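Some notes on the structure that comes next.
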Amino acid sequence: MRTFKPLSRPKRSAALLGVLIGVSILVGYPKPPMAETILNNGYFIGYDANHRFEAFFGEDGSLTIYSDFGEFQGHWTLVGSILCVEFPSGPRAGRHCEPIEREGPMSLHVGDSLFLAKLASALRLS
């Protein structure tokens with residue numbers, strides 16, 4: 001009859017490490033917030049090549065832009081990884097859609113040149 005021989009200490013450590021790695025893969029790491037989660041109910045500082053502005057993305061799809069050109073009311077929608085904004089008037093009047101991706105923990109890159117960074121508080125800077 002064959003008897004079970006306990007694993008040596010290095011082999012036990014390697015086996016335990018393998019189990020822990022397998023469990024962490026199955027459970028998965030916490031997923032970073034999606035663009036929609038970041039946008040909902042958030043104040044942002046926005047930058048493009050020539051301008052700085054502030055924006056509020058309401059959970060109801062409302063969008064307010066505060067810039068040197070004035071204050072503009074519009075709407076936003078996110079379909080997959082495409083952000084669409086629509087304004088009835090102003091320098092960006094009409095509907096515009098651009099790809100959006102996470103740039104950092106609470107920041108987003110929109111299209112080719114727009115960067116949005118979420119403010120930690122709801123206080124506007126200007």
Side-chain angles (χ1 to χ4, degrees):
M1 183 162 123
R2 192 168 182 162
T3 60
F4 176 73
K5 183 178 175 184
L7 293 174
S8 66
R9 186 173 186 93
K11 288 183 181 178
R12 255 193 323 230
S13 296
L16 179 60
L17 180 61
V19 168
L20 290 175
I21 290 171
V23 168
S24 67
I25 290 170
L26 289 175
V27 171
Y29 295 101
K31 302 224 183 315
M34 303 279 295
E36 185 171 13
T37 304
I38 296 171
L39 287 173
N40 276 338
N41 249 1
Y43 279 93
F44 289 81
I45 296 293
Y47 298 95
D48 67 9
N50 302 310
H51 304 96
R52 176 194 166 279
F53 60 91
E54 295 173 32
F56 176 74
F57 289 82
E59 199 169 350
D60 61 354
S62 62
L63 172 60
T64 305
I65 300 290
Y66 309 94
S67 74
D68 293 339
F69 301 109
E71 183 176 313
F72 302 97
Q73 304 288 326
H75 290 90
W76 69 278
T77 56
L78 187 64
V79 178
S81 62
I82 303 295
L83 173 66
C84 294
V85 297
E86 188 169 0
F87 293 98
S89 63
R92 298 279 295 169
R95 183 174 174 86
H96 304 276
C97 297
E98 299 276 353
I100 187 170
E101 60 185 34
R102 289 186 63 246
E103 183 77 16
M106 295 304 275
S107 58
L108 302 162
H109 191 248
V110 182
D112 292 331
S113 62
L114 182 62
F115 178 76
L116 295 171
K118 190 165 191 174
L119 296 173
S121 73
L123 297 175
R124 289 192 41 228
L125 297 180
S126 56

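Values in this document were obtained by computation on a predicted structure and should not be read as measured data.
Between Phe56 and Leu63 the shortest side-chain heavy-atom distance does not fall below 4.5 Å. Using a 4.5 Å cut-off on side-chain heavy atoms (C-beta onward), Thr64 and Glu71 make contact. In this structure, the side chains of Arg102 and Leu108 come closer than 4.5 Å at one or more pairs of heavy atoms. Residues Ile65 and Phe44 form no side-chain contact, since every pair of their non-hydrogen atoms from C-beta on lies 4.5 Å or further apart.
For Asp112, the CG atom is loosely surrounded, since the number of other residues' heavy atoms within 6.0 Å does not exceed 12.
In this structure, the side chain of Trp76 does not engage the main chain of Phe57 through any donor-acceptor pair within 3.5 Å. Panel note: side chain His51, backbone Tyr47; no donor-acceptor pair is recorded below 3.5 Å.
Atoms CZ and CD, on Arg95 and Glu86 in that order, are 5.5 Å from each other to the nearest 0.5 Å. With rounding to the nearest 0.5 Å, the separation of CG in Leu114 from NE2 in His109 is 7.5 Å. Between atom SG of residue Cys84 and atom NE2 of residue His75 there is a gap of 13.5 Å, rounded to the nearest 0.5 Å. One finds the CZ atom of Arg52 at 8.5 Å from the CG atom of Asp68 (value rounded to the nearest 0.5 Å).
Annotation for Pro99 and Ile82: closest pair CA-CD1, 3.8 Å, computed over non-hydrogen atoms. Between Phe72 and Ser67, the shortest heavy-atom contact is CE1-OG, 3.9 Å. In terms of heavy-atom proximity, Phe115 sits nearest to Ser107 at CZ-CB, 3.6 Å. The minimum heavy-atom distance linking Gly46 with Leu116 is given by the pair CA-CD2, 3.8 Å.
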